[in-house]
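Chain letters run A, B, ... following the sequence lines, proteins first and then strands; every chain starts at 1.
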There are 2 protein chains.
Amino acid sequence: MNKVNKKEDTTIQEILLDEKDYAILHLLQQNARTTVKEIADKIHLSTTPVHERIKRMEASGVIKQYATIVDNTKVKKGLMVICYVSLKQHSKNAGVKFIKVINELNEIIECYSISGEFDFMLKVMCEDMNAYYDFHVNKLSSIENIGHVQSVFVMGVIKQTHQLVYG
Amino acid sequence: MNKVNKKEDTTIQEILLDEKDYAILHLLQQNARTTVKEIADKIHLSTTPVHERIKRMEASGVIKQYATIVDNTKVKKGLMVICYVSLKQHSKNAGVKFIKVINELNEIIECYSISGEFDFMLKVMCEDMNAYYDFHVNKLSSIENIGHVQSVFVMGVIKQTHQLVYG
DNA sequence: ACTGAAATCTCCATTGT
DNA sequence: ACAATGGAGATTTCAGT
């Protein structure tokens, strides 16, 4: 018997989504509060399978979060700055310490490890230029092991979506 | 009579949020499906005012969207590329045409007008390097009026949140 | 796996303070 | 402007196919 090919033996579950799952995701990405019934009607299924598919995608981590998107300009967080950072040292320990501080700073809403001359790219949101100056001087630049920092200011938002189109 | 200072005369509504509104936003940002009752319990209010405050924030545009956040690595959209673009011409008409195309390309999930040597920064999500190459050559570079394009590849996601911390 | 219906819980308008 | 109440509608579970 070929045990390897039996599904029951795989410990790590493969997540395979079909077209109905993608259709559900498409609707939920537009509005996380879309009701199960509404989704069921639109994709021509009853509520039970829709409900089960959503629960499965939540459990498998395909659905990470139901988030509320706030208009930053209306809550005194209207200034977006893209911030490039390089470290002086690149040891594993230095990197871990840097990441710890990044996660503690609330102004930083995104941080990526990137290719090129800089090590990280940060997306920073704050009230205005004064607040950014304070962040830059007192928070970012005072992190130990910080090398160069370069700020690119966002003047306008052209497009911003979470909608991934599949297929 | 000093009409200017009368609130009734202002056509554009000032959105003033108090601490309870921020507390509601804080909970909703973590989970857009948090029930009104649950929020009411946590901030020590009944459901009626919580419901009214949420509706008010929806109507005033403070709450832009209830979005479902999908794990891109699990839906074959695991490659993130930050893409810098400069235009050849900077006339208003040329800009408008560019923005139109940007909105039509599903791989581009964010686009900002930025300071510095480039005109725009794009966040692009696709399946793999082959898909990105196709996007770059056949979609992005074939837009008329495109000048320089520079790609920065995201190697790792350190932090990614929608949670803005107020105050 | 999907359907249909029943049970539980949430929303939301009304009423009263 | 907030609390309490009850009908409408949603989620979720369970039987059946």
Distance-minimising heavy-atom pair for [X] and [Y]:
{"X": "B:H51", "Y": "B:V36", "answer": "N-CG1, 4.0 Å"}
{"X": "B:T73", "Y": "B:D71", "answer": "OG1-OD1, 2.5 Å"}
{"X": "B:A32", "Y": "B:Y66", "answer": "CB-CD2, 3.7 Å"}

Review point. Charged N to carboxylate O below 4.0 Å: is that the case for A:K55 and A:E58?
Key: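 Judged by the 4.0 Å cut-off on N to carboxylate O distance, A:K55 and A:E58 do form a salt bridge.
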Short heteroatom pairs, N/O only, protein and nucleotides 14-17 of chain D, under 3.5 Å:
none

Exercise for review: Within residues 19-36 of chain A, find the residues that approach DNA chain D with a heavy atom at under 4.0 Å, and present them sorted by residue number.
Suggested key: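 The answer is A:T35, A:V36.
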Review point. Do any of residues 37-44 of chain A sit with a heavy atom less than 4.0 Å from DNA chain D, and if so which?
Key: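 Residues of residues 37-44 of chain A that come under 4.0 Å of DNA chain D are, in numerical order, A:K37.
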Practice item. Determine which pairs satisfy side-chain hydrogen bond (donor to acceptor under 3.5 Å, both in side chains) with at least one residue from residues 111-130 of chain B, sequence neighbours left out, and list them in order. Key: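 Applying side-chain hydrogen bond (donor to acceptor under 3.5 Å, both in side chains) to every pair that reaches into residues 111-130 of chain B, excluding sequence neighbours, yields A:E110-B:K123, A:Y112-B:K123, A:K123-B:Y112, A:Q160-B:Y112, B:H90-B:D119, B:E110-B:Y112, B:E110-B:K123.
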Review point. With sequence neighbours left out, which residue pairs that include part of residues 28-40 of chain B fulfil the side-chain hydrogen bond (donor to acceptor under 3.5 Å, both in side chains) condition?
Key: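 For residues 28-40 of chain B: B:Q29-B:Y166.
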Check your understanding: Under the salt bridge (charged side-chain N to carboxylate O under 4.0 Å, His left out) test, which residues partner B:E19, sequence neighbours left out?
Key ->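 Not a single residue meets the salt bridge (charged side-chain N to carboxylate O under 4.0 Å, His left out) criterion with B:E19.
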Practice item. Anything under 4.0 Å to a heavy atom of chain B counts; send over the first and last such nucleotide of DNA chain C, read 5' to 3'. Key: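 So the contact region on DNA chain C extends C:dT10 to C:dC12.
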Check your understanding: Between A:L45 (CG) and D:dT11 (C1'), how many Å, whole number?
Key ->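 From A:L45 CG to D:dT11 C1': 16 Å.
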Review point. So what does B:P49 touch, heavy atoms closer than 4.0 Å: a base, only the sugar-phosphate, or nothing?
Key: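 B:P49: backbone/sugar contact only, no base atoms under 4.0 Å.
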Practice item. Could you tell me which residues satisfy ring-ring contact (aromatic ring centres under 6.0 Å, His included) with A:F98, sequence neighbours excluded, listed by chain and number? Key: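 A:F120.
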Check your understanding: In chain order, what residues pass the ring-ring contact (aromatic ring centres under 6.0 Å, His included) check against A:H136, with sequence neighbours excluded?
Key ->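 By the ring-ring contact (aromatic ring centres under 6.0 Å, His included) rule, A:H136 matches A:Y132.
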**Study point:** salt bridge (charged side-chain N to carboxylate O under 4.0 Å, His left out) contacts in which one or both residues fall within residues 21-32 of chain B, not counting sequence neighbours
**Key:**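 Qualifying pairs, neighbours excluded: B:D21-B:R53.
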Exercise for review: Please collect all salt bridge (charged side-chain N to carboxylate O under 4.0 Å, His left out) contacts where either partner lies in residues 133-143 of chain B, sequence neighbours excluded, each pair once.
Suggested key: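 Residue pairs passing salt bridge (charged side-chain N to carboxylate O under 4.0 Å, His left out), neighbours aside: B:E107-B:K139.
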Practice item. Please list, by residue number, the residues of residues 57-68 of chain B whose heavy atoms come closer than 4.0 Å to an atom of DNA chain C; answer none if no residue qualifies. Key: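 Nothing qualifies; none.
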Review point. If you draw a 6.0 Å radius around NZ in B:K97, do more than 12 non-hydrogen atoms from other residues or ligands fall strictly inside?
Key: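 Open.
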Point to revise | A:K74 atom NZ, over 12 foreign heavy atoms within 6.0 Å | key: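 Yes, NZ of A:K74 has more than 12 neighbouring heavy atoms, counting only those of other groups under 6.0 Å.
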Point to revise | Donor-acceptor pair between B:N93 and B:S91 side chains, under 3.5 angstrom | key: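 B:S91 and B:N93 do not have a side-chain donor-acceptor pair below 3.5 Å.
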Exercise for review: Go through the steps to decide whether A:Q65 and B:H162 satisfy the test side-chain hydrogen bond (donor to acceptor under 3.5 Å, both in side chains), and finish with yes or no.
Suggested key: CA-CA 10 Å; A:Q65 200 198 350; B:H162 303 278; 5.0 Å; no
